[in-house]
Q: 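Okay, here's the structure, questions in a sec.
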Amino acid sequence: MTADATTLVVPVPPPARKVPFERTHHGDTFVDNYEWMRDKESAELIDHLKRENEYTDSVTRHQEPLREAIFTEIKERTQETDLSVPARKKGWWYYSRTEEGKQYGIQCRVPAADTGDLGRDWTPPEVVPGRPVEGEQVMLDGNELAEGKPFFSLGGLSVTEDGRLLAYCEDNAGDERFTLRIKDLETGELLPDEVPNIFYGLSFSPDGERVYYTVVDDSWRPYQVRVHTLGTPVADDVVVYQEDDVAMWTGFEVSADRTQLLISIGCSEYSEYRVLDLAKPDGGLTTLIPRSERILYDAEPVSIDGTPHYLLTHDRDARNSMVSLVAASEFGKPLAEQQWTTVVGHDDAVRVNGVAVTHTHMVLSSRKNTIERVQVLPLAGLGTSDQEPPTEPDFDEELFTCTLANAEFDSPIIRLSYTSYLTPPRVYDYLLDDGALQLRKETEVRSGYDPSQYIAERQWAPAADGTLIPLSVVRRAELAQDGTNPAVVYAYGSYEASMDPSFSVARLSLLDRGIIYVTAHIRGGGEMGRSWYDDGKKLAKKNTFTDFVDATSYLGTSGWIDAGRIAAIGGSAGGLLMGAVANLAPEKYRAIVAQVPFVDALTTILDPELPLSALEWEEWGNPITDPEVYRYMKEYTPYENVRPVAYPRIAAVTSYNDTRVLYVEPAKWVAQLRETTTGSEPIVLKTEMDGGHGGASGRYSRWRDVAWDYAFVADALGATEVLSRSTSSVE
């Protein structure tokens, strides 16, 4: 029997087998019917994920032309053959470049000159996309390294002081376990030294004979700093430091002056530094301020008048942090007896993020009124009455981001990155002596991008408790304030992370379809200082979710946006946010995209054996030991609070090899949503079977991922057509 050609075939979601599993804590029992999905190697689970992908493809097949249009727009606006601005280190200028049609970057360098003229010697060579660079040496070609592999990502690069050896580490699964390799840049050959299963970050010792790296434990927590001596067996690598506290994260860096290995151990509430004199690598570690003092700090060594000091960025009696200068000899005394000199005082309106140093200046990163900025102070007179006031570059936009990109210790300049919602990334050199700002590059946006066609502005949404939530609103300039425009609202709101202004080629495809793009700077983030973060974590975490809902309500009454045409997007902890607001106010959203969403947070945090679980206690509280934290979390965690309401259309996007938010969280959540919803909107799960926390690797693959997400929301909002007079290619 032949089906009638006019018969509408409605895709049916794959059934999810229910296996009741009881989880009991503090006298409370929760029945989880989908915990069986945690068995990653189960043939049933893998088959289920594949059938979910097939269902998602069926439900969203009509969006394929829109996805292809958005992908094409991203591609056509992007200068595919491009180069970064060369940055000098010792005798070389280092840069990366991309080539049209290739997925991955190419790491290169050219020789630098030493003429004695500092201005000339530190002016980067001119490099033009598509034109061969004289004297160029290709150090690593990511496209060659990635060939034949399902995934490719670099986790760190380090070059010896003499420029002869390159250490790099690569991940070929997406699970953030890297393999360290060392290349002789003179011969092009790989050394036999190869270290598997390391974490992000690596650095050569100043003499180039050793390479430092970190290792994660079974729960994916970086807990060891090790050192490999070139030419020796990996089994002989030495553990420089091991951290056994499961709630502490360990990392390291080599100081700017290349004299010390700085090992940082900490959480978001307090920290500890242990330092190693690299001239005496067998001399052991020295602790600066022990964690028992419960001070959150960063340390950078600096020499003042020939005497060793440290610049401390710390929260000792300074909630928003401050900067103090402390002689190295002071750390041998009890804290109460130490002499600290204030360099940058505490300010309730300014969040001090940290400092970097050159041989002549201190570079300060701070945040005021959500905006991150860079200031510079000479080391001469620092901490005395002769200390000069800070200077900073001046920019003419209201909403922008200026960050330190590079501060080579012996350089007369620092490299700054600048961007905004309307300005593509720029690279500036800032001359430390006179404050002159030299534009080295502005990223080209092709297809006739005109920033005057768009407007970026700040609005403030009142929360239920009277707190004003800053919103960054970007839109096409010709849109009318007539209450008919669709909108996408994005937020994160955790870990004191700030969603700073930045340019996005992909976002233009939404704006050009008349969609207003809003970033809600909700509590739990870091945009408004430390208090903003503290008021959105642990037993105040619900503020994060209600802020987002209140911001949505405000937008619906602002006169700009149609309250019935709002979509929401968030990822990772922002994916938890998506799940929470879907439960709180499903009626306010036409569609929700939850990217690698942390929607089963309580299950994860209750099991310290799961990846990174124990590190979450500082953010959410410890529900294992604290019944109040357990009760509070269970009131908002998305998976436990799915309820019989009409949910909007939802897309949960995840990666099978993600080690930060396991695929099982969105898989269970989608099954529970489908079982419970009283509505008819599709709820889909899209799993990248070869990706990690950031999705698939390769720029074209990432562009297609973004196009998929944006097509999903644009289709739901009924905003698929490009406005007239836009730079988008499809009319």
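The structure presented is a predicted model; accordingly, all values stated were derived computationally and were not measured.
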Q: Which residue pairs pass the ring-ring contact (aromatic ring centres under 6.0 Å, His included) test when at least one of the two sits in residues 669-689, sequence neighbours left out?
A: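 Every candidate ring-ring contact (aromatic ring centres under 6.0 Å, His included) pair involving residues 669-689 fails, so no pair, neighbours aside, qualifies.
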Q: Hey, is Lys542 close enough to Glu635 for a salt bridge, meaning N to O under 4.0 Å?
A: yes
Q: Give a yes-or-no answer on whether the side chains of Tyr34 and Glu675 include a donor-acceptor pair shorter than 3.5 Å.
A: yes
Q: Are side-chain N/O atoms of Tyr647 and Asn583 paired as donor and acceptor at under 3.5 Å?
A: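 Yes, because at least one side-chain N or O of Tyr647 sits under 3.5 Å from a partner of the opposite role on Asn583.
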Q: Between Thr552 and Tyr589, is the side-chain hydrogen bond (donor to acceptor under 3.5 Å, both in side chains) condition met? List the steps.
A: CA-CA 9 Å; Thr552 304; Tyr589 304 97; 2.7 Å; yes
Q: Who pairs with Lys588 by salt bridge (charged side-chain N to carboxylate O under 4.0 Å, His left out), at least two apart in sequence or on another chain?
A: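 Counting only residues at least two positions away or on another chain, Lys588 forms no salt bridge (charged side-chain N to carboxylate O under 4.0 Å, His left out).
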Q: Please walk me through it: do Thr60 and Lys686 pass side-chain hydrogen bond (donor to acceptor under 3.5 Å, both in side chains)?
A: CA-CA 11 Å; Thr60 64; Lys686 175 174 173 279; over 6 Å; no
Q: Are the side chain of Thr637 and the backbone N or O of Tyr639 linked by a donor-acceptor pair below 3.5 Å?
A: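 No; judged by distance alone, with no hydrogens or angles, the pair does not exist.
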Q: Establish, yes or no, whether the cationic atom of Arg649 lies under 6.0 Å from the six-membered ring centre of Phe712 and within 45° of the ring axis.
A: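 Relative to the ring axis of Phe712, which defines the angle, Arg649 lies outside at least one limit.
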Q: Check step by step if side-chain hydrogen bond (donor to acceptor under 3.5 Å, both in side chains) holds for Arg426 and Thr443.
A: CA-CA 6 Å; Arg426 291 175 177 172; Thr443 300; over 6 Å; no
Q: Minimum heavy-atom separation for Asp171 and Glu176, please, with both atom names.
A: OD2-N, 3.1 Å
Q: Between Arg77 and Asp512, does any NZ, NE, NH1 or NH2 come within less than 4.0 Å of an OD or OE carboxylate oxygen?
A: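 Salt bridge flag = yes for Arg77 with Asp512.
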Q: Nearest 0.5 Å, please: how far is CG in Asn172 from OG in Ser153?
A: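 Going from OG on Ser153 over to CG on Asn172, the span is 9.5 Å.
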Q: Does anything in residues 492-503 form a salt bridge (charged side-chain N to carboxylate O under 4.0 Å, His left out)? List the pairs, not counting sequence neighbours.
A: Arg351-Glu496, Arg367-Asp500, Glu496-Arg530
Q: Compute whether any side-chain donor of one residue and acceptor of the other, for Tyr710 and Asp715, lie under 3.5 angstrom apart.
A: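 The criterion, which ignores hydrogens and geometry beyond distance, is not satisfied for Asp715 and Tyr710.
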Q: Going by heavy atoms in the side chains, are Phe545 and Leu576 under 4.5 Å from each other?
A: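 Of all side-chain heavy-atom pairs linking Leu576 with Phe545, at least one is under 4.5 Å.
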Q: Just wondering, do Arg704 and Ile74 contact through their side chains at under 4.5 Å, heavy atoms?
A: no
Q: Go through it in stages, so that I can follow the logic: the residues are Glu73 and Ser447, the test is side chain to side chain contact (heavy atoms under 4.5 Å, CB included), and I'd like the CA-CA distance, side-chain angles, deciding distance and then a yes or no.
A: CA-CA 9 Å; Glu73 290 160 13; Ser447 296; over 6 Å; no
Q: Are any non-hydrogen side-chain atoms of Thr423 and Tyr418 less than 4.5 angstrom apart?
A: yes
Q: Could you measure the distance from the CG atom of Asn485 to the CZ atom of Arg476? Nearest 0.5 Å is fine.
A: 12.0 Å
Q: Taking atom types as modelled, is there a side-chain donor on Lys75 or Thr78 under 3.5 Å from an acceptor on the other?
A: no
Q: Between Ser655 and Asn657, do the side chains contain a donor N or O and an acceptor N or O under 3.5 Å apart?
A: no
Q: Donor-acceptor pair, Thr676 side chain versus Val642 backbone, under 3.5 Å?
A: no
Q: So among Gln459, Arg458, Glu527, which one has a side chain to side chain donor-acceptor pair (under 3.5 Å) with Ser472?
A: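 Going through Gln459, Arg458, Glu527 one by one, the side chain to side chain donor-acceptor pair (under 3.5 Å) with Ser472 is satisfied by Arg458 alone.
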Q: Tell me whether the guanidinium CZ or amine NZ of Lys537 lies under 6.0 angstrom from the six-membered ring centre of Trp620 and within 45° of its axis.
A: no
Q: So Tyr700 and Lys102, side chain to side chain contact (heavy atoms under 4.5 Å, CB included) or not? Walk me through it.
A: CA-CA 8 Å; Tyr700 298 115; Lys102 294 186 177 181; 5.5 Å; no
Q: Using a cut-off of 6.0 Å, state whether more than 12 heavy atoms not belonging to Glu147 lie near its atom CD.
A: no
Q: Taking salt bridge (charged side-chain N to carboxylate O under 4.0 Å, His left out) as the definition, give me every residue that meets it alongside Lys668, ordered by chain and number, with sequence neighbours left out.
A: Asp32, Glu35, Asp600
Q: Scan side-chain atoms only and decide if Thr720 and Arg513 contain a donor-acceptor pair under the 3.5 Å cut-off.
A: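 Short answer, no.
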Q: Pairing donors with acceptors under 3.5 angstrom, does anything connect the side chains of Glu397 and Ser420?
A: yes
Q: Determine the minimum heavy-atom distance between Glu681 and Pro648, stating which atoms define it.
A: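 Reported closest heavy-atom pair: CB-C, 3.7 Å.
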Q: Would you kindly say whether Thr604 and Glu665 are connected by a side-chain donor-acceptor distance under 3.5 Å?
A: yes
Q: Apply the test side-chain hydrogen bond (donor to acceptor under 3.5 Å, both in side chains) to residues Gln107 and Ser96: give CA-CA distance (whole Å), side-chain angles for both, the deciding distance (0.1 Å), then the verdict.
A: CA-CA 4 Å; Gln107 308 299 321; Ser96 64; 4.6 Å; no
Q: Any side-chain donor-acceptor pair under 3.5 Å between Ser498 and Glu372?
A: no
Q: Under the salt bridge (charged side-chain N to carboxylate O under 4.0 Å, His left out) definition, can you give me all pairs with a residue in residues 43-52, not counting sequence neighbours?
A: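 Found Arg17-Glu44, Asp47-Arg51, Glu52-Arg674.
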Q: State the CD1-CD1 distance between Ile561 and Ile516, to the nearest 0.5 angstrom.
A: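 CD1 of Ile516 is found 4.5 Å from CD1 of Ile561.
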Q: Going by distance alone, is a donor N or O of one side chain under 3.5 Å from an acceptor N or O of the other, for Arg523 and Thr467?
A: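 Yes.
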Q: Decide whether Glu99 and Tyr104 meet the rule of one side-chain donor and one side-chain acceptor closer than 3.5 Å.
A: no
Q: Can you check side chain to side chain contact (heavy atoms under 4.5 Å, CB included) on Val653 and Val596, steps first, answer last?
A: CA-CA 6 Å; Val653 181; Val596 290; over 6 Å; no
Q: Rounded to the nearest 0.5 Å, how far apart are OH of Tyr454 and CZ of Arg507?
A: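 Rounded to the nearest 0.5 Å, the OH-CZ separation comes to 10.5 Å.
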Q: Not counting sequence neighbours, list each pair that qualifies as a ring-ring contact (aromatic ring centres under 6.0 Å, His included) and has a residue in residues 490-520.
A: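 Residue pairs with at least one partner in residues 490-520: Tyr449-Phe503.
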Q: Do we see a donor-acceptor contact under 3.5 Å between the side chains of Asp709 and Gln595?
A: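 The answer is yes; a qualifying pair exists.
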Q: For residues Leu717 and Val488, determine if any side-chain heavy atom of one lies less than 4.5 Å from a side-chain heavy atom of the other.
A: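 Side chain of Leu717 against side chain of Val488, heavy atoms only: contact under 4.5 Å found.
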Q: Over all heavy atoms of both residues, which pair between Ala461 and Leu471 is shortest? Give the atoms and the distance, please.
A: CB-CD1, 3.9 Å
Q: For Tyr656, does the six-membered ring have the charged nitrogen or CZ of Lys40 within the cation-pi criterion, i.e. under 6.0 angstrom from the centroid and within 45° of the normal?
A: yes
Q: Between atom CH2 of Trp560 and atom OG1 of Thr484, what is the distance when rounded to the nearest 0.5 Å?
A: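 Rounded to the nearest 0.5 Å, the CH2-OG1 separation comes to 10.0 Å.
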Q: A side-chain contact here means heavy atoms from C-beta on lying under 4.5 Å apart; do Asn53 and Met689 qualify?
A: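 Side-chain contact under 4.5 Å: yes.
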Q: To the nearest 0.5 Å, what is the distance between OH (Tyr421) and CD (Glu398)?
A: 10.5 Å
Q: Salt bridge or not between Glu64 and Arg61? Use side-chain N to carboxylate O under 4.0 Å.
A: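 Judged by the 4.0 Å cut-off on N to carboxylate O distance, Glu64 and Arg61 do not form a salt bridge.
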